[in-house]
Amino acid sequence: RIFWLCAGALSILLAMGGATPLARVIYLLPVLNQFRAPGRHLIEFTFAISVLCGLGIASLAQHKIDTRLMRKIILVSSLGMAVLSVTTLILSGHFVRWAAEKGVELNLLSWAKEAVGVPLIIFVLAIAALMFWHKAPDSVWRNVLIFSIVIIDLGTFGWFYQWNYSRVDGSDLKPNANAYRYKDSLLQNHQRLLPTHGTLAPITELPPNLSKLWGIPSASGYNSLI
């Protein structure tokens, strides 16, 4: 437990990049200084939290945690969520300005906003389901309930994820004139296309990975074969 708790805390600090002195220390280490995106250290955090959650659920299922301790856990969790909510409220002005610099309109003070409201709703549902499940962890229906809450939680994350704001329009899935112009030539000569702007290329430049959909061999893409 201590190992994974420390691993999770360390990964959070690493993911913050230049916001902490730790990033500079890591940059001086061979191999690790070649990593490009510090934010990807969150995958270690996710793994650590998953292990800790598994240990916690196992303890609950084995009746190692009584009602009194359960109430303390919920109290600490609720206080943590309250601190995060108040912090978001206090720093909302900074978030709005940072978003405006990136051309994004943000209003965190509206509780109807998904970024604020949905996590709070999921938290309340999870607390209620956990208390209900804890009283009889061997119950099939209570297990189904707690499992359903996990699916809903993951589903809300997936629903508001990248596909929702950077998806390709249906009209863009159809190959344009440039696709027909280059496809036959590339296939006949066993060559590949290399878009100048890579994954950021406009539709007219035959960007990956749409070029794969159109049957056009490309040397570009994410983790490209340049």
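- Going from atom CD1 of I74 over to atom CE of M81 covers 13.0 Å, rounded to the nearest 0.5 Å.
- Listed for the N176 side chain is a donor-acceptor partner under 3.5 Å among the backbone atoms of A179.
- Under the rule for a side chain to side chain donor-acceptor pair (under 3.5 Å), the partners of Q62 that lie at least two apart in sequence or sit in another chain are K64.
- In this view, F157 and Y161 satisfy the ring pair (Phe, Tyr, Trp, His ring centres under 6.0 Å) rule, not counting sequence neighbours.
- Formation of a donor-acceptor pair under 3.5 Å by the S139 side chain with backbone atoms of A136 is not found in this model.
- Contact check for T67 versus H134: side-chain heavy atoms found under the 4.5 Å cut-off.
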#### Entry: side-chain contact (heavy atoms from CB on, under 4.5 Å) between L206 and L210, intermediate numbers included
CA-CA 7 Å; L206 309 182; L210 286 177; over 6 Å; no
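- Taking hydrophobic clusters as Ile, Leu, Val, Met, Phe, Trp and Tyr residues chained together by side-chain heavy-atom distances below 4.5 Å, L213 shares a cluster with I216.
- In this structure, OG on S78 lies 11.5 Å from CD1 on I73, to the nearest 0.5 angstrom.
- Closest non-hydrogen pair, A126 versus I149, comes out as CA-CG2, 3.9 Å.
- Hydrophobic cluster membership is shared by I57 and F123, with clusters built from Ile, Leu, Val, Met, Phe, Trp and Tyr side chains linked at under 4.5 angstrom.
- A cation-pi arrangement is absent between R40 and F35 under the rule of less than 6.0 angstrom and at most 45 degrees off the ring axis.
- Remark: S85 OG to L120 CG distance equals 4.5 Å, nearest 0.5 Å.
- N189 contributes a side-chain N or O that, together with a main-chain N or O of S185, makes up a donor-acceptor pair within less than 3.5 Å.
- By the 4.5 Å heavy-atom criterion applied to side chains, E205 and P195 are counted as neighbours.
- Annotation for I43: atom CD1 does not count as buried by contact number, only 12 or fewer foreign heavy atoms lying within 6.0 Å.
- The closest donor-acceptor contact from the side chain of Q34 to the backbone of L32 lies at 3.5 Å or more, if one exists at all.
- Side chains of S211 and P208 form a contact here, defined as non-hydrogen atoms less than 4.5 Å apart.
- No more than 12 heavy atoms of other residues, nucleotides or ligands shown are found within 6.0 angstrom of OH on Y182.
- Listed for the D66 side chain is a donor-acceptor partner under 3.5 Å among the backbone atoms of L69.
- For the atom pair CG (L60) and CG (L55), the distance works out to 11.0 Å, reported to the nearest 0.5 Å.
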Distance-only criterion, 3.5 Å: show the donor-acceptor pairs between side-chain atoms of residues 2-19 and protein atoms not counting sequence neighbours.
{"unit_1": "S11", "atom_1": "OG", "unit_2": "A7", "atom_2": "O", "d": "3.1"}
{"unit_1": "S11", "atom_1": "OG", "unit_2": "G8", "atom_2": "O", "d": "2.7"}
{"unit_1": "S11", "atom_1": "OG", "unit_2": "F45", "atom_2": "N", "d": "3.2"}

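- A donor-acceptor contact shorter than 3.5 Å links the side chain of N143 to the backbone of P137.
- Hydrophobic clustering, with ILVMFWY side chains joined whenever heavy atoms are under 4.5 angstrom apart, groups W133 together with M131.
- Put simply, the side chain of N33 does not reach to within 4.5 Å of the side chain of I26, judged on heavy atoms.
- Linking Ile, Leu, Val, Met, Phe, Trp and Tyr whenever their side-chain heavy atoms come within less than 4.5 Å puts L52 and F47 in one cluster.
- To the nearest 0.5 angstrom, L84 atom CG is 11.0 Å from L79 atom CG.
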### Message
Show, in sequence, the C-alpha distance, side-chain angles and deciding distance for R142 and F132, and conclude whether the side-chain contact (heavy atoms from CB on, under 4.5 Å) test is met.
### Response
CA-CA 7 Å; R142 296 185 188 226; F132 182 69; 3.5 Å; yes
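- Atom-to-atom distance recorded for H197:NE2 and S220:OG is 11.5 Å, nearest 0.5 angstrom.
- Following chains of ILVMFWY side-chain contacts shorter than 4.5 Å, one can reach L186 starting from W214, so the two form part of one hydrophobic cluster.
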